[in-house]
Undergrad: 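Structure in structure tokens, see below.
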2 protein chains.
Amino acid sequence: MNRHIYDCQEGCPVESTLQFISGKWKSVILYHLFKEQVCHFGQLKRDLKDCSQRMLALQLAELEQDGIIQKNIYQEIPLKTDYTLTKFGKTLEPVVLAMSQWGTYYNQLAKTESN
Amino acid sequence: MNRHIYDCQEGCPVESTLQFISGKWKSVILYHLFKEQVCHFGQLKRDLKDCSQRMLALQLAELEQDGIIQKNIYQEIPLKTDYTLTKFGKTLEPVVLAMSQWGTYYNQLAKTESN
DNA sequence: CAGAATCCCACTCGATACTG
DNA sequence: CAGTATCGAGTGGGATTCTG
């Protein structure tokens with residue numbers, strides 16, 4: 001948790017939040033997890049088209065380290081893994097929801113303006 | 001607006017939102033603007049202790065380009081400038097608010113756990 | 001005070017190849 | 001399928017200096 005540079009000495013709450021979700025793709029991953037409940041690596045790779053496999057693995061690892069998501073490995077052939085939100089991770093729902101709602105509003109706006 | 005790499009072809013709303021606020025310090029700047037209504041450069045520089053002057057200027061410029069904040073210059077000596085939210089920028093309040101609320105919750109949590 | 005310009009290093013991140 | 005390892009180009013971003 002000291003990989004980020006935000007100084008929380010003064011306890012700025014937004015900086016605290018950013019420590020967890022400021023990774024380049026984290027909130028998008030969380031968005032999909034809130035929608036699907038369970039996600040597989042390959043599925044996320046398809047959804048996040050512009051996120052490289054390496055980046056996806058890194059972001060997932062950080063989210064797991066931070067206790068936001070849980071990784072479940074099934075020893076089958078071919079290998080199978082899935083990711084779910086932890087109880088702690090689920091508390092982030094209002095944040096992700098607000099982001100998704102604003103994005104929906106904006107997409108609508110952008111569409112009507114282009115007409 | 002093509003400085004970010006998020007692909008919104010499929011209209012992922014979270015990615016749309018990130019196009020505007022994913023800059024390293026943007027949401028913190030917005031947080032202060034929602035609190036203070038009006039902010040000066042030097043004041044922000046003091047508040048965002050770990051954000052360099054260069055970064056602060058860059059982030060403010062991007063927010064201005066995106067129509068989220070407005071820059072007001074007063075031709076006095078010494079130079080004076082302030083920043084306010086545009087009408088469009090104000091629509092982001094629920095997002096910033098959700099982040100600040102979660103951060104407050106987390107700070108509380110972290111404090112009680114350290115005892 | 002409020003920035004712009006320049007320099008330059010560290011690290012990010014994509015591409016590719018490999019593994020259980 | 002679900003990753004890890006390695007490498008190298010590109011960029012982020014700090015330090016410093018300069019200006020109106």
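Residue numbers begin at 1 in each chain, while the letters A, B, ... track the order of the sequences.
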Undergrad: To the nearest Å, how far apart are K26(A) NZ and dT12(C) P?
TA: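 Whole-Å distance recorded here is 12 Å.
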Undergrad: Look at the side chain of T112(A) and the backbone N and O of L109(A), then say whether any donor-acceptor pair between them is shorter than 3.5 Å.
TA: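 Flag set: sc T112(A) to bb L109(A) pair under 3.5 Å.
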Undergrad: Let me know the distance between CG of L60(B) and P of dA2(C), rounded to the nearest Å.
TA: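 So the two atoms are 11 Å apart, to the nearest Å.
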Undergrad: Rounded to the nearest angstrom, tell me the gap between atom CZ in R54(B) and atom P in dC8(C).
TA: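 After rounding, the gap between these two atoms is 14 Å.
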Undergrad: Measure from CD on Q59(B) to P on dG13(D) and round the result to the nearest Å.
TA: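 Roughly 8 Å, once rounded to whole Å.
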Undergrad: Using distance alone, with no hydrogens and no angle criterion, decide if K24(A) and Q59(A) have a side-chain donor and acceptor under 3.5 Å apart.
TA: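 K24(A) vs Q59(A): no donor-acceptor pair found between side chains.
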Undergrad: Could you check which of dA2(D), dT4(D), dG13(D) has an atom nearest any side-chain atom of A57(A)?
TA: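 Within the option list, the nearest is dT4(D).
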Undergrad: Round to the nearest Å and state the distance from I73(A) atom CD1 to dT4(D) atom C1'.
TA: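 Rounding to the nearest Å, CD1 of I73(A) and C1' of dT4(D) are 13 Å apart.
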Undergrad: Quick one: do Y83(B) and L60(B) satisfy side chain to side chain contact (heavy atoms under 4.5 Å, CB included)? Show the steps, please.
TA: CA-CA 9 Å; Y83(B) 297 89; L60(B) 286 169; 3.7 Å; yes
Undergrad: Please check the phosphate of dA2(C) (OP1 and OP2 only) for any side-chain N or O of K80(B) closer than 4.0 Å.
TA: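 So the side-chain polar atoms of K80(B) never come under 4.0 Å of the phosphate oxygens OP1 or OP2 of dA2(C).
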Undergrad: Can you tell me how the ring of Y106(B) sits relative to the ring of F88(A), calling it parallel under 30°, perpendicular over 60° and tilted otherwise?
TA: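 The rings of Y106(B) and F88(A) sit tilted, inter-plane angle from 30° to 60°.
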Undergrad: Tell me which nucleotide among dG14(D), dC1(C), dC13(C) gets nearest to the side chain of L79(B).
TA: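 Out of dG14(D), dC1(C), dC13(C), the nucleotide with an atom closest to L79(B)'s side chain is dC1(C).
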Undergrad: Specify the separation, in whole Å, of atom CG of L58(A) and atom C1' of dG3(D).
TA: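 For the pair L58(A) CG and dG3(D) C1', the rounded distance is 11 Å.
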Undergrad: Applying side-chain contact (heavy atoms from CB on, under 4.5 Å) between K90(B) and each of L30(B), L33(B), L85(B), T84(B), report the one that passes.
TA: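 The passing option is L85(B).
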Undergrad: So Q53(B), base contact, sugar-phosphate only, or nothing? Heavy-atom distance under 4.0 Å.
TA: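 Counting heavy atoms under 4.0 Å across all strands, the contact made by Q53(B) includes a base.
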Undergrad: Just compare dG14(C), dG13(D), dG3(D) and give me whichever is closest to any side-chain atom of T81(A).
TA: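 The listed nucleotide nearest to T81(A)'s side chain is dG3(D).
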Undergrad: Compare the minimum distances between each of dT6(D), dG3(C), dC1(C) and the side chain of P78(B), then state the nucleotide with the smallest one.
TA: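 That would be dC1(C).
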Undergrad: Is there a donor-acceptor pair closer than 3.5 Å between any side-chain N or O of Q43(B) and the backbone N or O of H40(B)?
TA: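 Looks like yes, one N/O pair under 3.5 Å.
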Undergrad: With heavy atoms under 4.0 Å as the rule, sort Y74(B) into base, sugar-phosphate or nothing.
TA: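 It contacts nothing in the nucleic acid.
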Undergrad: Between K71(A) and dA2(D), is there a contact of a side-chain N or O with OP1 or OP2 at under 4.0 Å?
TA: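 No, outside the criterion.
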Undergrad: Rounded to whole Å, how long is the line connecting atom CH2 of W25(B) with atom P of dG13(D)?
TA: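 Atom CH2 in W25(B) sits about 10 Å away from atom P in dG13(D).
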Undergrad: Starting at CD of E62(A) and ending at C1' of dT12(C), how long is that distance when rounded to a whole Å?
TA: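 To the nearest whole Å, that distance equals 12 Å.
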Undergrad: Near DNA chain C, which residues from residues 37-45 of chain A have a heavy atom under 4.0 Å away?
TA: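 Listed by number, there are none.
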Undergrad: Quick one: does any side-chain atom of S100(B) pair with a main-chain N or O of P13(A) as donor and acceptor, under 3.5 Å?
TA: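 Judged by distance alone, no pair lies under 3.5 Å.
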Undergrad: Select one nucleotide: of dC13(C), dG13(D), dG3(D), the one nearest the side-chain heavy atoms of K24(B).
TA: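 Output: dG13(D).
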